[in-house]
Amino acid sequence: MQTDFYEQLTDSQRQAVFHTEGPLLVLAGPGSGKTRVITYRVAALIDSGVQAYNICAVTFTNKAAEQMRKRCAELLGFLNKAHISTFHSLCVRILRQYSSQANINRNFSIYDATEQAKCMRQAVKECNLNTADFSPARMLDAVSALKNRLVDVDTLKSEANDFFSATLAKIYTRYQKMLSEANALDFDDLLLKTAYLLKDCADVREELSNRFRFVLIDEYQDTNHAQYRIAKLLVSQHNNICATGDPDQSIYRWRGADIRNILAFEKDWPQATVVKLEENFRSTPNILKAADSLISFNQSRKEKVLIPTRPEGGDIVINCCEDQTNEAQTVASLISELADEGVSLRDIAVFYRINAMSRALEEALIKNKIPYQIVRGIEFYNRKEIRDLLAFLKVLINPEDEIALLRIINTPARGIGKTTIDRIKAYAAAGRLSFYEALKQADKISSLSAGSKAKVAVFINTMEELKKQLDKPVASIALSVFEKTGLSASLKDSSDTDAIDNINELISAAASYDEQSDEPSLLDYLQQISLFSDVDTYDIGRPSVALMTLHSAKGLEFDNVFIVGLEEGLLPHERSSEDDEDIEEERRLFFVGITRAKLRLFMSYCQYRTIRGQLSRSIPSSFLYELGTCRNNGSHNDVGGIYYDDEYQRSRTFSPVFTPGQLVRHVSFGLGRVKDFVDMGENSIVVVSFNSGQTKSLKVRFANLLTFEGDFS
DNA sequence: CATAGCCGCCTTTTT
DNA sequence: GGCGGCTATG
């Protein structure tokens, strides 16, 4: 063991790393070395004689897991077999191993968002409901929320006592039936089925909780109820749970993350040791000061200090731009300046709230010849040719997978059209066969023409032939499929070289999977890549600027950070301004973004922005004001550390200024008291708590608030 | 049965 | 400003 690594740890870090038995909670602010601590802890456990096989570490992304494995191997000087993965990968492993107890076929497909949407659309239709009134996306959200709370179909049915939940129960039932007929699980099912398996099967629970003497969970603030239950059941034998996280960085409430999991940790495990890591080794003091000032505006939080350890750095810069083209150009110019100073492009990142905002940035970076990489690797797996090839592979493993089968039955075109498909479907339904089984029996289907029968037979023969190769390496199966199914020929005919390149890339990726995996198999490969996420393809070593959403930025750090689009409606996003908790989550998201920066932080907003083709006026985000300057009397110079550009300074000299506590009257809302004032010059916002009980955010320019001389209180 | 073109919904964030 | 699904046409 390389002991010199340990000497670099602080006392509290060491306390967490060398904690022996019993539950442990590591409450850690940003940049406190949290990931490092959890990695060292795994290494230290193995070093002290714990079998790697008995350790389970859960991270938030596959990328994080990969890095942890690598770092662990460096520390120990050898590769180890600790189970380090995401919650979802862990569940796939468990469900495959105990498939009979879980009552599922181990060759299950994992349905991604696109496939889920297709199923849901059909489910809604089969319930004789209008997809306009019951939009598949919203229904999926609703079903997902239920699954994350471990509400299964039966429970919902028994509880459904109003029209909406009764309808939802019908749709949920239908959707679930389709998945099970396709022998498919969606992302949420992976968690739900595992949680139920561990709850209902005592022998599985005992076996696993016995095996995992130590369970470590990173980013615990973003676990949902299902994950929480799984964690509890997994540690039921040894109670050696170690959770790390930071409530201020909880940004996944919308997908079911329950911040109460981390807040109630000490109640769940009363003997828990709590270690706080409050020192920040990442960011300069002024960046931390801004982050701290921002997050202190959140009402529902535990106070926490961020202790800087770095020397003072340069100003935070806030730029006002005309529109997003201009903003992107400003970012590109600043990046060029940094590069001229000798900064490596790999130390620069640009964050934005929504994926659609990457376009303008990409264009500007291309124009300025600045290499970049977009952290959205999932796009690769969304390409038509890739999805086609993968669909063939999925059908080979799981012939029940109807979505995949319907995708490829006539791709490339082989003369099997809608009429033929409908007739086969009817035959399948009548005989209670799977669609694939019905295809096999095509010659018995009287409604089919001889020509159709022959075409189906060719297809089925090809598939059955390919099945004989399933024990070969994944790369060679993929290559066979590409050649034998006519995909290759059709791409060559259309001379789509991009598509062919992509296929080649997929085959190389499969080859490296074959090399790296302990027990490579097509099944494992398909299930793994279904769980790939955006950050997983981010190549940290490449000398290029990283572009990503604020969500993807979690867990990463960069010397130089740009955050663009600091505008009302964008950050905080308009769709999240329904209640205070949503706004607080947006604030945490911004907090995460700011605290990724080590040395320099650049932020910008636009005066105009084109959204969905429509040019509209933007106003600066109220969050900007919360960074710690410009409170009331405009004496922001004394706060120091934040530089606003001229436009910002100019605009703020015009308009009236309000002070919290001040009494005002609005023409329709009546009397109220100022709760907050966001000084943005002519774009200023005033938050008023009216006597009617409602609180409103108003643009000063339009609100026409009457003020009173003096104060009546 | 294949293709082209139109319509509508979409976009907040993701394992 | 894009994608997927549906329809009309050859």
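What's counted below: heavy atoms across the whole structure, side chains too, no hydrogens, waters or symmetry copies. Note on naming: letters A, B, ... go to the chains in the order of the sequence lines (proteins, then strands), and numbering restarts at 1 for each one.
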Nearest whole Å is fine: how far is B/dT13 P from A/L571 CG? 13 Å
Quick check for you: among C/dG5, B/dT15, B/dC1, whose closest atom lies nearest to any side-chain atom of A/T86? B/dT15
For A/K118, report the nucleic acid contact type (base, sugar-phosphate, nothing); a contact means any heavy atom under 4.0 Å. sugar-phosphate
Could you tell me whether the side chain of A/D323 and the main chain of A/N326 form a donor-acceptor pair under 3.5 Å? yes
Please confirm whether the ring centroid of A/F562 lies under 6.0 Å from the ring centroid of A/Y352. no
Of all the nucleotides listed (B/dC1, C/dC6, C/dG2), which has the minimum atom distance to the side chain of A/T419? B/dC1
Looking for any heavy atom pair under 4.0 Å, which part of the strands does A/Y252 touch: base, sugar-phosphate only, or nothing? sugar-phosphate
Do A/R407 and A/E115 meet the salt-bridge criterion of a basic N to acidic O distance under 4.0 Å? no
Side chains of residues 226-234 of chain A: which donor-acceptor pairs under 3.5 Å do they make with residues two or more places apart or in other chains?
from, atom 1, to, atom 2, distance (Å)
A/Q227, OE1, A/N224, N, 2.8
A/Y228, OH, A/D268, OD1, 2.9
A/Y228, OH, A/D268, OD2, 3.0

Look at the side-chain N and O atoms of A/N410 and state whether any lies under 4.0 Å from the OP1 or OP2 oxygen of B/dA2. yes
Strictly below 4.0 Å: does A/S552 bring a side-chain N or O up to OP1 or OP2 of B/dT13? no
Between B/dA2, B/dT15, B/dT13, which one does the side chain of A/A413 approach most closely? B/dA2
With A/V92, which of A/D524, A/L185, A/T194, A/I110 fulfils side-chain contact (heavy atoms from CB on, under 4.5 Å)? A/I110
Partners of A/H83 by side chain to side chain donor-acceptor pair (under 3.5 Å), sequence neighbours excluded? A/S85
Rounded to the nearest angstrom, tell me the gap between atom CD in A/E363 and atom C1' in C/dG1. 12 Å
Looking at B/dT13, C/dC6, B/dT15, which one has an atom nearest to any side-chain atom of A/K125? C/dC6
Could you tell me how far apart A/F590 (CZ) and B/dT13 (C1') are, to the nearest whole angstrom? 16 Å
Going by heavy atoms closer than 4.0 Å, what residues in residues 219-228 of chain A are next to DNA chain C? none
Atom CD1 of A/I529 and atom C1' of B/dT15: how far apart are they, to the nearest Å? 15 Å
Distance, rounded to the nearest Å, where A/L190 contributes CG and B/dT14 contributes C1': 14 Å
Can you tell me if A/S89 touches the phosphate of B/dT15, counting only side-chain N or O atoms and a distance under 4.0 Å to OP1 or OP2? no
In terms of side-chain heavy atoms, does A/Q122 have a donor or acceptor partner in A/R174 at a distance below 3.5 Å? no
Per A/N355 side chain, nearest of listed nucleotides B/dC1, C/dG5, B/dT14: B/dT14
Per atom distances to the A/T61 side chain, the nearest of B/dT15, B/dT14, B/dC1 is B/dT15
Looking for any heavy atom pair under 4.0 Å, which part of the strands does A/K147 touch: base, sugar-phosphate only, or nothing? nothing
Within this structure, what is the OH-CD distance for the pair A/Y605 and A/Q324, rounded to the nearest 0.5 Å? 16.0 Å
Between P of B/dT14 and CG of A/L556, the distance in whole Å: 13 Å
Excluding sequence neighbours, so at least two apart, what forms side chain to side chain donor-acceptor pair (under 3.5 Å) with A/E402? none
Partners meeting ring pair (Phe, Tyr, Trp, His ring centres under 6.0 Å) with A/F108 (sequence neighbours left out): none
What salt bridge (charged side-chain N to carboxylate O under 4.0 Å, His left out) pairs are there with at least one residue in residues 354-365 of chain A, not counting sequence neighbours? none
My understanding is that only residues two or more places apart in sequence, or in another chain, count here; which of them pass side chain to side chain donor-acceptor pair (under 3.5 Å) with A/N261? A/T223
By ring pair (Phe, Tyr, Trp, His ring centres under 6.0 Å), which residues pair with A/Y175, not counting sequence neighbours? none
Within the sub-3.5 Å range, which N or O atoms of nucleotides 8-11 of chain B have a protein N or O partner, and how far apart are they?
from, atom 1, to, atom 2, distance (Å)
B/dT11, O3', A/R575, NH1, 3.1

Writing each nucleotide of DNA chain C 5' to 3' as (, ), [, ], | or . by Watson-Crick or G-U pairing under 3.5 Å yields .|||||||||
Whole-Å distance between B/dT15 C1' and A/F187 CZ? 6 Å
Short side-chain donor-acceptor distance under 3.5 Å, A/T59 and A/D218: no
Close N/O contacts between protein and nucleotides 7-10 of chain C (under 3.5 Å):
none

Report the distance from atom CG of A/N62 to atom C1' of B/dT15, rounded to the nearest whole Å. 9 Å
Stacked pair A/W254-B/dT13, distance under 5.5 Å, angle under 30°: yes
Using the test side chain to side chain donor-acceptor pair (under 3.5 Å), find all partners of A/S446 that sit at least two apart in sequence or belong to another chain. none
